[in-house]
Amino acid sequence: MSTRPISNTRSVTGIPSARLITWWVIASEIVIFGGLLATYVMHNLGHPEWRAAAMHTNTWLGALNTFVLLTSSLSAVLAFKAADTLDGAKAAKFLRLTALGGTIFLVIKGIEWTREIHEGFVLSSGGFWSFYYVLTGLHGLHVLAGMIILLVVAADAAKNRELQRVECIGLYWHFVDIVWIFLFPLLYIAR
Amino acid sequence: MISEAQPMISEAHIHHPNYVKIWAILVVLLMVSLLGSMSSIRSVVLIAAFGVALTKTYLVTTNFMHVNVEKRWVPYLMGIFLAFMVILFAAVAPDVMKHSGLRWSNDAAKHAVESGMQPASTKHE
C-alpha cells in the first residue's frame with residue numbers, strides 16, 4: 001500500500017497536483033507583481049520628474065544582480081534535469097548553488113539599499129522611491145522565501161526523496177527571475 | 001510520505017535543451033540591454049530594455065519552465081491572470097496618467113510634477 005499523499009498523485013487536468021498548485025501560486029504572484037508593476041508604469045508615465053530620481057539607481061549593480069539571478073536560474077533548471085534522471089545528490093548540489101545565487105543577489109541588493117539610504121533616498125523621498133523600495137523589497141522577500149524552500153528541498157533531494165519538489169521550486173525560482181527581468185529595465189534603464 | 005526516489009512527474013521525461021546555451025543567450029541579451037541604455041535616443045533605450053526583457057521572458061518560460069510542452073491549462077491560466085493585469089492598467093491608467101479631466105483636477109499630482117521639474121536651485125526659494 002502506497003503512503004504517498006493523494007494530492008501528489010491525483011491529476012484531473014493531466015498535470016500532477018503539486019505542479020498544478022505551483023502554477024496557481026505563480027498565477028497569483030502575476031496578479032501581485034503585475035498589479036504593482038502596472039501601477040508603477042502608469043504613475044511613471046504621469047510623473048516625468050521621476051526620471052531625475054531614477055538617475056540615482058546604479059545600473060551596473062542592477063545588471064550584476066540580473067546576471068546572478070539568470071545564473072541561479074540555470075542551476076535551478078540543471079537541478080531539475082538531474083532530478084529527472086533520479087540523481088538526487090546532483091540535484092541537491094545544484095539547488096544549493098541556486099540558493100547561493102539568491103544569497104549573492106540579496107547581499108548586492110543590501111549594498112545598493114545602504115548606498116541609497118546614505119545618499120538620503122528613503123521610502124518617503126517621493127513617489128519613485130516608494131515604488132522602488134516596495135517593488136525591490138517584495139521581490140527580495142520572494143528571493144529569501146525561495147532560498148529557504150530550496151534548502152529544504154535540497155535536504156530531501158540529497159537523500160533521493162521527494163524529487164518531484166525539485167521541479168516545483170524551480171518553477172517558482174524562474175518566476176522570481178522573470179519578475180526581476182522586468183524590474184531591471186523599469187527601475188534602472190528606462191529613465 | 002515516500003522514502004525512496006520517485007520521478008517528479010508521472011509523464012514521459014521531457015526533452016532537455018542545452019540549458020547552458022540558453023543561459024549564454026540570456027547573458028548576451030543582458031549586455032544588449034546595457035548597451036542600449038547608453039544610447040542618448042530614448043526610443044532606442046526603451047526598445048532595447050523592454051524588447052530584451054520580453055525576449056528573455058520568452059526564453060525562460062519556454063526553455064527553463066517548459067511552458068511550451070506543458071498541458072494547455074497552464075498557458076490558459078497564465079493568460080487569464082495577465083489579462084487581469086491589462087484590464088487593471090486600461091481601467092485605471094487614464095485617471096492616473098492624466099492630472100485633470102472634464103470635472104476633476106488632481107492638484108497634488110500637478111504640484112508634484114511642477115516642483116519636481118524645477119531646477120534644484122529654485123526649489124527652496
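Lettering follows sequence order; numbering is per chain, from 1. Keep in mind the model is a prediction, meaning the values are calculated, not measured.
- Looking only at side-chain heavy atoms (C-beta outward), B:Met65 and A:Ile178 come within less than 4.5 Å of each other.
- You'll find the side chain of B:Val60 stays beyond 4.5 Å of the side chain of A:Phe175, heavy atoms only.
- For the atom pair CZ of A:Phe182 and CZ of B:Phe50, the computed distance is 8.5 Å after rounding to the nearest 0.5 Å.
- Within the 4.5 angstrom heavy-atom criterion, atoms from both the backbone and the side chain of A:Trp24 approach chain B.
- For chain A, the option among B:Gly36, B:Pro94, B:Ala112 with the highest count of heavy-atom pairs below 4.5 Å is B:Ala112.
- Under a cut-off of 6.0 angstrom, the local environment of NZ in B:Lys98 is sparse, with at most 12 non-hydrogen atoms contributed by other residues, nucleotides or ligands.
- Sparse packing is recorded around CE of B:Met31, with 12 or fewer heavy atoms of other residues, nucleotides or ligands lying under 6.0 Å away.
- Separation of the A:His174 and B:His66 ring centroids does not fall under the 6.0 Å cut-off.
- Side-chain contact between A:Phe184 and B:Leu30 is present, with at least one heavy-atom pair separated by less than 4.5 Å.
- To the nearest 0.5 angstrom, B:Leu29 atom CG is 12.0 Å from A:Thr66 atom OG1.
- Both the backbone and the side chain of B:Leu82 come within contact range of chain A, with heavy atoms under 4.5 Å apart.
- Shown here for A:Ala38 and B:Met85, the closest heavy-atom pair between the two residues is CB-CG, 4.3 Å.
- The closest donor-acceptor contact from the side chain of B:His99 to the backbone of A:Gly46 lies under 3.5 Å.
- Few gaps surround CH2 on B:Trp104; more than 12 heavy atoms of other groups in view lie less than 6.0 Å from it.
- Scanning all heavy atoms of the two residues, the minimum distance from B:Phe81 to A:Ala27 falls at CD2-O, 3.3 Å.
- With values rounded to the nearest 0.5 angstrom, A:Trp60 atom CH2 is found 5.0 Å from B:Leu34 atom CG.
- At a 4.5 Å heavy-atom cutoff, A:Ala52 makes no contact with chain B through either its backbone or its side chain.
- Among A:Gly35, A:Pro48, A:Ala53, the residue with the largest count of heavy-atom pairs under 4.5 Å with chain B is A:Pro48.
- Looking only at side-chain heavy atoms (C-beta outward), B:Phe84 and A:Ile30 stay at 4.5 Å or farther from each other.
- Residue A:Tyr188 does not touch chain B at all, counting heavy-atom pairs closer than 4.5 Å.
- In this structure the side chain of A:Phe67 never reaches within 4.5 angstrom of the side chain of B:Leu26, judged on heavy atoms.
- Atom CG of B:Leu77 sits about 9.5 Å away from atom OG of A:Ser28, to the nearest 0.5 Å.
- With a threshold of 4.5 angstrom between heavy atoms, B:Arg42 approaches chain A through side-chain atoms but not through N, CA, C or O.
- The side-chain heavy atoms of B:Val67 and A:Trp23, taken from C-beta on, include a pair separated by under 4.5 Å.
- The minimum heavy-atom distance linking A:Ile189 with B:Ser37 is given by the pair CG2-CB, 3.6 Å.
- Only the side chain of A:Asp177 comes within contact range of chain B, judged by heavy atoms closer than 4.5 Å.
- Residues A:Val77 and B:Trp23 form no side-chain contact, since every pair of their non-hydrogen atoms from C-beta on lies 4.5 Å or further apart.
- Of all heavy-atom pairs spanning A:Leu78 and B:Tyr19, the tightest one is CD2-CD1, 4.0 Å.
- Between chain A and the residues B:Val74, B:Val92, B:Val52, B:Leu88, the largest count of heavy-atom pairs under 4.5 Å involves B:Val74.
- B:Lys71 contributes atom NZ, which lies 7.0 Å from atom CD1 of A:Ile15 (distance to the nearest 0.5 angstrom).
- A 4.5 Å side-chain heavy-atom check between B:His16 and A:Asp84 finds at least one atom pair inside the cut-off.
- Contact annotation for B:Ala109: both backbone and side-chain heavy atoms come within less than 4.5 Å of a heavy atom of chain A.
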